[in-house]
J.: 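My questions all concern the structure below.
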Amino acid sequence: MTKHELPKAYDFKSTEPRVYALWETGGYFKPWNDPNKKGFDPNVKPFVISIPPPNVTGELHLGHAMFVSMEDLMIRYHRMKGFSTLWVPGSDHAGIATQLMVERHLLKTEEVTREELGREEFIKRTWDWKKKYGSMITNQIRRLGASCDWDRERFTLDDGLSRAVREAFVRLYEKGLIYRGPRLINWSPGLKTAVSDLEVEYSEEEATLYYFKYMLADDGKGESATRPYIPVATIRPETILGDTAVAVHPDDERYKKYIGKTVIVPILGREIPVIADEYVSMEFGTGALKITPGHDPNDYAIAQRHNLPIISVLDEAARINENGGPYQGQDRFEARKNLWADMKKAGLVIKEEKYLTTIPRSQRGGEIVEPMISTQWFVKIEPLAEAALAAVKDGRIKIVPERFEKVYYNWLENIKDWCISRQLWWGHRIPVWYCEKNHMTVAREDPTECSTCHSKNIHQDEDVLDTWFSSGLWPFSTLGWPDETPDYKYFYPTSYMETGYDILFFWVARMIMSGLEYTGQVPFHTVYLHGLIRDEHGQKMSKTKGNVIDPLTVMDDFGTDALRFTLLVGSTPGNDMNLSVKKVEANRNFANKIWNAGRFVISAIDSLDTSAKQKTQNATEWTLADSWIWARMEQLIRDVERLFQTFQYGEAGRQIYEFFWSDFADWYVEIAKEQMKNDNMKEQTVITLTRILDMSLRLLHPFTPFVTEELWGHLRQAILDSQISGIAQDWPDVVIMARWPEPHESEGSDESILTDFALIQDIVRSIRNLRAEKSVAPSRRIAAIFAAGEKTSRLQSQKQIIASLAGLDESHLRMEESLSSKPNDSIALVIGTVEIYIPLAGMVDLANEKSRLEKELKETEAQIERLEKLLSSDFANKAPASVVGKEREKLAAFKETAEKLKSQLDR
RNA sequence: GGGCGCAUAGCUCAGUUGGUUAGAGCGCUUCUCUUACACAGAAGAGGUCAGGGGUUCGAGUCCCUUUGCGCCCACCA
């Protein structure tokens with residue numbers, strides 16, 4: 001007899017790397033119907049997820065842990081369901097983030113700036129850096145158990161993906177959907193690049209609102225001291241230098257008379273017109289608005305309407321440029337101070353006041369972003385947005401949870417052209433070349449001459465593309481597009497796009513737009529959005545607050561399964577979750593529970609011997625407990641399936657947890673211990689234990705892959721080494737490849753088994769409760785007499801089980817249909833229709849028994865009253881018959897209980 | 001300004017076709033080192049489901065509204 005000894009506690013530290021290696025070397029992460037191999041069958045449905053590519057510079061945080069857990073769950077589930085399942089991994093070059101990190105690194109280690117190194121050398125260094133550290137993040141993702149096909153790993157700057165980027169750019173250009181020109185864009189002075197609207201974050205801050213006088217130009221009449229002026233307010237006085245008009249509302253009585261006249265720009269002395277525009281609000285501020293078209297989007301729009309000149313006053317570092325007169329060369333904030341001081345001296349200042357406003361800041365650098373006129377590349381987004389809008393509206397793409405569809409619509413309906421050029425070095429360089437005559441050559445392959453004048457003297461555009469331009473192609477570029485590769489043909493479109501709602505616009509919407517534009521298909525049919533992870537009190541995690549939970553530390557302390565289970569079960573679609581280490585600890589305990597239940601089952605298998613095997617030939621039929629645990633398992637499989645289909649993964653996990661811990665471990669395993677004492681039930685029971693564990697491990701596997709795989713291996717070995725007939729055949733090598741459980745029976749077929757078992761549980765609990773209340777020593781076996789009415793035979797069959805679970809003395813346990821006389825000196829319990837007498841005379845004080853019974857009677861009568869009232873109301877006529885029937889049954893049961901309690905009191 | 005989410009036990013949260021005695025984990029009280037597990041087992045205490053109104057035979061669940069907290073979009077100088 002082989003014995004399989006397992007350690008008392010689940011050792012995740014030694015298990016996880018070993019199990020991961022087992023999977024990876026076993027090739028289980030590969031789609032079994034891999035089109036690159038032989039045996040490709042297009043009739044088999046693929047299931048595909050493209051990983052949201054983490055930044056190569058990234059270090060694992062809980063956001064990664066969240067999406068990996070979620071996607072791995074989806075992937076493992078579908079793999080077990082028999083889909084040809086592919087999860088494409090990879091990483092993103094993350095233009096700004098990576099460039100900043102490498103710059104910082106070079107400054108620290110070599111004390112050189114990127115400008116000193118030059119573009120070519122800097123890019124080379126960044127590649128070196130990527131080669132050295134780029135695998136860090138993917139290795140951390142492996143630690144989470146991600147079952148990606150690593151042979152298909154991609155990087156956004158790979159040759160293939162770069163080719164896809166070029167193809168996309170050129171196609172858009174040829175269609176006239178890409179253009180270049182000077183526009184007002186968001187400029188990040190710290191990073192010295194343009195950024196898109198999405199990369200600007202607005203924060204509410206206290207600023208100063210500066211009020212000053214725009215003096216009317218001297219028309220020759222009045223003295224300068226009494227000359228009229230228009231009061232104007234601004235929070236950015238330095239932009240006065242770029243003013244090209246003052247606007248007032250056409251109906252404003254105060255200023256009407258000045259319309260068409262000119263005012264004088266302070267210090268600079270330029271004359272600018274006073275114009276009328278309905279945009280100006282008469283109620284707000286002074287009712288007059290200074291117009292700086294070069295540095296404000298609204299002013300820019302007004303300037304367009306009125307044909308005003310546009311003056312830029314800032315350079316790329318946000319210093320005042322040559323248009324700023326005496327302030328040239330000064331930083332924007334310095335110039336603000338100086339100009340204001342000078343205006344004060346000139347008597348042009350009215351007042352300053354504190355003002356709460358929203359300040360635009362760079363998402364990356366955090367510094368204040370300046371709207372500036374700059375020549376950039378743009379995507380004409382409207383046609384793309386319309387297609388993307390339609391795809392969700394007509395249901396080709398479904399967003400979970402649904403409410404985000406509205407958010408998505410709203411964004412796309414109000415979208416503005418996308419600024420795609422960045423003044424960075426790390427990224428996809430714009431595939432456009434210029435000759436000395438400034439002809440443009442836009443090409444898929446690097447050209448050698450100008451396509452217009454054939455000049456050989458050409459140079460490529462200095463800018464690179466927004467990182468999200470290449471990420472937008474991710475679902476198909478990773479599969480080989482623009483080539484019609486086998487992967488692309490078979491796996492595209494992908495299935496689910498799972499990611500955080502925070503990148504719905506950045507990424508998801510852009511993938512949909514580009515997917516439709518370039519491939520003519522939706523890139524995925526379902527978008528599942530998860531929430532953000534906050535600390536245990538709902539605060540955003542941040543280094544400054546010191547409340548950051550590091551997933552690597554958590555995994556070190558409690559294991560990957562514990563972290564995964566916590567994230568999966570603690571979250572609902574689209575809602576943020578609060579994470580605490582306490583929760584992870586609780587789930588570490590769950591992993592340990594699984595382990596130990598498994599140990600028990602394995603030891604039970606080991607304990608079988610040949611003699612037991614022979615006895616099985618005339619095995620008894622299934623016990624109530626066996627039928628019950630199977631009925632519960634069936635119910636669970638059905639519920640989990642329904643929940644998975646509706647993306648309620650958390651609820652599914654909770655139900656599996658509940659089943660495994662309460663039903664299986666707490667009840668069935670305890671009963672099994674009793675059943676196994678009977679030789680004729682032993683093998684039967686071990687088989688049930690094994691099968692339920694088997695099914696449980698399958699259901700748990702997508703949530704807690706490591707402990708289930710490890711246990712599966714041990715269980716499998718124990719079964720192969722055992723004498724159990726039949727069960728060993730078709731036992732899959734690994735649970736990752738095992739088939740997902742399917743329900744066998746229709747719903748509701750096990751009703752009576754479930755109610756009968758519930759009665760047993762009630763009885764056991766009531767007796768335990770009584771023992772605890774009366775302080776009966778736990779080791780003490782006590783006698784009991786049951787008057788069980790119609791339940792007598794059922795309970796009779798469970799005598800041994802009830803006795804052992806409730807601590808009764810089986811030899812002094814009587815079960816009758818009814819008793820001719822009620823036993824004296826005993827405590828009576830009434831559970832439904834069953835009366836139980838426990839002779840505890842002499843052991844405990846029976847004095848307050850009467851009040852206990854009275855209390856129970858009172859509660860029962862309250863229920864009777866409630867139900868009678870209910871059933872005499874409209875409820876009886878209007879509610880469905882089945883619902884009414886259930887309530888009638890309850891009422892009858894309560895009435896019987898009340899009768900029994902009354903007769904106890906009368907005794 | 002527009003939109004969305006949340007408010008359920010001391011804490012953190014489940015509760016998705018409305019079904020009538022509202023659940024879990026942690027924490028708390030009492031007991032038990034019973035041969036799978038003390039990372040455990042058993043028994044228990046604890047909630048007018050934010051307030052108000054409505055629909056319905058029936059509301060934590062649907063509708064309206066108030067309050068508080070959070071988020072997104074827009075950006076009136």
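Note on naming: letters A, B, ... go to the chains in the order of the sequence lines (proteins, then strands), and numbering restarts at 1 for each one.
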J.: Would a distance-only check, ignoring hydrogens and angles, find a side-chain to backbone donor-acceptor pair under 3.5 Å from Lys13(A) to Asp556(A)?
T.: yes

J.: Determine whether any donor atom in the side chain of Arg403(A) lies under 3.5 Å from an acceptor atom in the base of rC4(B), or the reverse, and answer yes or no.
T.: no

J.: With rounding to whole Å, what would you report as the distance between rA45(B) and rA24(B) at their P atoms?
T.: 12 Å

J.: Heavy atoms only, 4.0 Å cut-off, all strands: where does Arg768(A) land among base, sugar-phosphate and nothing?
T.: sugar-phosphate

J.: Rounded to the Å, how far apart are Asp639(A) CG and rU16(B) P?
T.: 13 Å

J.: Answer with base, sugar-phosphate or nothing: what part of the nucleic acid does Glu670(A) contact at a heavy-atom distance below 4.0 Å?
T.: base

J.: Using the P atoms only, state how far rC26(B) lies from rA22(B), rounded to an integer number of Å.
T.: 22 Å

J.: Below 4.0 angstrom from OP1 or OP2 of rU34(B), is there any side-chain N or O of Ser779(A)?
T.: no

J.: If you check every side-chain atom of Asn769(A), which of rG15(B), rU21(B), rA43(B) has the closest atom?
T.: rA43(B)

J.: Might you work through the side chain to side chain donor-acceptor pair (under 3.5 Å) test for Tyr10(A) and Glu710(A), ending with a clear yes or no?
T.: CA-CA 10 Å; Tyr10(A) 168 55; Glu710(A) 178 70 356; over 6 Å; no

J.: Would you say Asp809(A)'s side chain and Arg781(A)'s backbone share a donor-acceptor pair under 3.5 angstrom?
T.: no

J.: In dot-bracket notation, what is the pairing pattern of RNA chain B, taking Watson-Crick (N1-N3 plus N6-O4 or O6-N4) and G-U wobble (N1-O2 and O6-N3) contacts under 3.5 Å, with [ ] crossing and | for other strands?
T.: (((((((..((((.....[...)))).(((((.......))))).....(((((..]....))))))))))))....

J.: Select one nucleotide: of rA36(B), rC4(B), rG5(B), the one nearest the side-chain heavy atoms of Asn575(A).
T.: rG5(B)

J.: Classify the side chain of Lys8(A) versus the base of rA36(B) as yes if they form a donor-acceptor pair under 3.5 Å and no if they do not.
T.: no

J.: Using OP1 and OP2 only, check whether a side-chain N or O of Lys593(A) sits under 4.0 Å from rA40(B).
T.: no

J.: Look up atom CE in Met541(A) and atom CG in Leu532(A), then write down how far apart they are to the nearest 0.5 Å.
T.: 10.5 Å

J.: Return yes if some donor-acceptor pair links the side-chain N/O of Glu199(A) with the main-chain N/O of Ser196(A) below 3.5 Å, else return no.
T.: yes

J.: For rA38(B) versus rC33(B), give the span between their C1' atoms, rounded off to a whole number of Å.
T.: 7 Å

J.: What's the gap between rC6(B) and rG51(B) when it is taken at their C1' atoms, as a whole Å value?
T.: 16 Å

J.: Please determine if Arg510(A) forms a cation-pi arrangement with Trp418(A), meaning its NZ or CZ atom is less than 6.0 Å from the six-membered ring centre and no more than 45° off the ring axis.
T.: yes

J.: Students often get this wrong, so: under 4.0 angstrom with heavy atoms, is Thr292(A) touching a base, only sugar-phosphate, or nothing?
T.: nothing

J.: Could you give the NZ-to-P distance, from Lys869(A) to rU21(B), as a whole number of Å?
T.: 13 Å

J.: Within the structure shown, what part of the strands sits under 4.0 Å from Ala591(A) by heavy-atom distance: base, sugar-phosphate, or nothing?
T.: nothing

J.: Under 6.0 Å between ring centres: does that hold for Tyr657(A) and Phe659(A)?
T.: no

J.: Starting at atom CE of Met577(A), determine the distance to atom P of rA14(B), rounded to an integer number of angstrom.
T.: 9 Å

J.: Does a donor on one side chain and an acceptor on the other come within less than 3.5 Å for Gln863(A) and Glu859(A)?
T.: no

J.: State the OG1-CD distance between Thr208(A) and Glu352(A), to the nearest 0.5 angstrom.
T.: 6.5 Å

J.: Are Asp277(A) and His306(A) linked by a side-chain donor-acceptor pair shorter than 3.5 Å?
T.: yes

J.: Side chains of residues 402-412 of chain A: which donor-acceptor pairs under 3.5 Å do they make with residues two or more places apart or in other chains?
T.:
| unit_1 | atom_1 | unit_2 | atom_2 | d |
| --- | --- | --- | --- | --- |
| Arg403(A) | NH2 | Asn575(A) | OD1 | 2.7 |
| Glu405(A) | OE2 | Ile399(A) | N | 3.1 |
| Tyr408(A) | OH | Ala388(A) | O | 2.8 |

J.: Within a reach of under 6.0 Å around CD of Glu865(A), are more than 12 heavy atoms found that belong to other residues, nucleotides or ligands?
T.: no

J.: Given atom OH of Tyr10(A) and atom C1' of rA40(B), what is their separation to the nearest angstrom?
T.: 19 Å

J.: Given atom CZ of Phe664(A) and atom P of rA40(B), what is their separation to the nearest angstrom?
T.: 17 Å

J.: Taking 4.0 Å as the cut-off, does a side-chain nitrogen or oxygen of Arg866(A) come that near to OP1 or OP2 on rU21(B)?
T.: yes

J.: Tabulate atom names and distances for all N/O pairs under 3.5 angstrom spanning the protein and nucleotides 55-58 of chain B.
T.:
| unit_1 | atom_1 | unit_2 | atom_2 | d |
| --- | --- | --- | --- | --- |
| rC57(B) | OP1 | Lys878(A) | NZ | 2.6 |

J.: Do the numbers put Lys583(A) on top of the ring of Phe565(A), so that NZ or CZ is under 6.0 Å from the six-membered ring centre and no more than 45° off the axis?
T.: no

J.: Who passes salt bridge (charged side-chain N to carboxylate O under 4.0 Å, His left out) against Arg236(A), sequence neighbours left out?
T.: Asp296(A), Glu370(A)

J.: Check every strand shown and say whether Arg765(A) touches a base, only sugar-phosphate, or nothing at a heavy-atom separation below 4.0 Å.
T.: sugar-phosphate

J.: According to a strict under-4.0 Å criterion, is Trp661(A) in side-chain N/O contact with OP1 or OP2 of rC37(B)?
T.: no

J.: Anything under 3.5 Å between a protein N or O and an N or O of nucleotides 71-77 of chain B, put it in a table, one pair a line.
T.:
| unit_1 | atom_1 | unit_2 | atom_2 | d |
| --- | --- | --- | --- | --- |
| rC75(B) | OP1 | Lys416(A) | NZ | 3.3 |
| rC75(B) | O3' | Asn298(A) | ND2 | 3.2 |
| rC75(B) | O2 | Thr358(A) | OG1 | 3.4 |
| rC75(B) | N3 | Thr358(A) | OG1 | 3.3 |
| rC76(B) | OP2 | Tyr279(A) | OH | 2.7 |
| rC76(B) | OP2 | Asn298(A) | ND2 | 3.4 |
| rA77(B) | OP1 | Thr357(A) | OG1 | 3.1 |
| rA77(B) | OP2 | Tyr355(A) | OH | 2.4 |
| rA77(B) | O3' | Ile235(A) | N | 3.1 |
| rA77(B) | O2' | Ala233(A) | O | 3.3 |
| rA77(B) | N6 | Ser281(A) | O | 2.7 |
| rA77(B) | N6 | Phe284(A) | O | 2.7 |
| rA77(B) | N1 | Ser281(A) | N | 3.4 |

J.: Taking any heavy-atom pair under 4.0 Å as a contact, classify Glu773(A): base, sugar-phosphate, or nothing.
T.: nothing

J.: Roughly how many Å is it from CZ in Arg771(A) to C1' in rA43(B), rounded to a whole number?
T.: 11 Å

J.: Indicate whether OP1 or OP2 belonging to rG19(B) is found under 4.0 Å from a side-chain N or O atom of Lys886(A).
T.: no

J.: State, without any angle test, whether Asp11(A) and Ser14(A) hold a side-chain donor-acceptor pair at a distance under 3.5 Å.
T.: yes

J.: Does a side chain donor of either Lys895(A) or Thr860(A) reach within less than 3.5 Å of an acceptor in the other side chain?
T.: no

J.: What contact category does Val569(A) fall into here, base, sugar-phosphate, or nothing, at under 4.0 angstrom with non-hydrogen atoms?
T.: nothing

J.: Reading nucleotides 22-32 of chain B 5' to 3', which nucleotides get B (base under 4.0 Å from a protein heavy atom), which S (sugar-phosphate only), which -?
T.: ---SS------

J.: Between rC62(B) and rG1(B), how far apart are the P atoms? Round to whole Å, please.
T.: 28 Å

J.: Do Arg632(A) and Trp661(A) form a cation-pi contact, if we require the NZ or CZ to be under 6.0 Å from the six-membered ring centre and within 45 degrees of the ring's axis?
T.: no

J.: Within this structure, what is the CD-to-P distance between Gln655(A) and rU16(B), rounded to whole angstrom?
T.: 11 Å

J.: Using the C1' atom on both, measure rC73(B) against rG15(B) and round to a whole Å.
T.: 31 Å

J.: Would you kindly give the CG-to-P distance between Asp666(A) and rA40(B), to the nearest whole Å?
T.: 11 Å

